[in-house]
Novice: 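Sharing a structure with you now.
Since this is a predicted model, take the numbers as computed values, not measurements.
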Amino acid sequence: MARITNHIRRLRFDHDEMTQEELAQRAGCTRQTIIALEQGKYVPSIELAFKIARAFGVPLEEVFQYQG
């Protein structure tokens, strides 16, 4: 089964311990969405994925990985 994994939690801590709320505001989503993403319970739209990567200033592939 294909899965999309992410490194959001690690990236938040690598970026001065950014809070879930701060990331949500930067990405234009809710804190609940960030929580679900970190827990692997939600796969973001491609637009949200790019917004999250932009919030960290890193390439999309550094945040999300596709496990086929």
Novice: Testing Glu22, Glu17, Glu21 one by one against Thr19 for a side-chain hydrogen bond (donor to acceptor under 3.5 Å, both in side chains), which residue passes?
Specialist: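 That would be Glu22.
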Novice: Can you tell me how far apart NZ (Lys51) and CG (Leu60) are? Round to the nearest 0.5 Å.
Specialist: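 One gets 14.0 Å once the value is rounded to the nearest 0.5 Å.
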Novice: Shortest non-hydrogen contact from Cys29 to Ile34?
Specialist: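 So the two residues come closest at SG-CD1, 3.6 Å.
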Novice: Can you tell me how far apart CZ (Phe56) and CD (Glu62) are? Round to the nearest 0.5 Å.
Specialist: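 Those atoms lie 10.0 Å apart.
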Novice: Please report the interatomic distance CG(Leu23) to CZ(Arg26), rounded to the nearest 0.5 Å.
Specialist: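 With rounding to 0.5 Å, CG (Leu23) is 8.0 Å from CZ (Arg26).
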Novice: Please list, one pair per line, the donor and acceptor atoms closer than 3.5 Å that link side chains of residues 35-46 to other protein atoms, with sequence neighbours excluded.
Specialist:
{"from": "Glu38", "atom 1": "OE1", "to": "Arg9", "atom 2": "NE", "distance (Å)": "3.3"}
{"from": "Glu38", "atom 1": "OE1", "to": "Arg9", "atom 2": "NH2", "distance (Å)": "3.2"}
{"from": "Glu38", "atom 1": "OE1", "to": "Arg12", "atom 2": "NH2", "distance (Å)": "3.4"}
{"from": "Glu38", "atom 1": "OE1", "to": "Gln20", "atom 2": "NE2", "distance (Å)": "3.0"}
{"from": "Glu38", "atom 1": "OE2", "to": "Arg12", "atom 2": "NE", "distance (Å)": "2.5"}
{"from": "Glu38", "atom 1": "OE2", "to": "Arg12", "atom 2": "NH2", "distance (Å)": "3.1"}
{"from": "Gln39", "atom 1": "OE1", "to": "Lys41", "atom 2": "NZ", "distance (Å)": "3.4"}
{"from": "Ser45", "atom 1": "OG", "to": "Leu48", "atom 2": "N", "distance (Å)": "3.0"}

Novice: Asn6 side chain to Ile8 main-chain N or O, any donor-acceptor pair under 3.5 Å?
Specialist: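 Here the side-chain-to-backbone pair exists.
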Novice: More than 12 heavy atoms of other residues, nucleotides or ligands under 6.0 Å from CZ of Arg31: yes or no?
Specialist: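 No, CZ of Arg31 has 12 or fewer neighbouring heavy atoms, counting only those of other groups under 6.0 Å.
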Novice: Please answer: with hydrophobic residues joined when any side-chain heavy atoms are less than 4.5 Å apart, are Tyr66 and Phe64 in the same cluster?
Specialist: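 Yes, it is one cluster - the side chains of Tyr66 and Phe64 are joined through contacts under 4.5 Å.
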Novice: With a 3.5 Å cut-off and no angle check, do the side chains of His7 and Gln65 form a donor-acceptor pair?
Specialist: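 Note: His7 and Gln65 side chains meet the donor-acceptor criterion.
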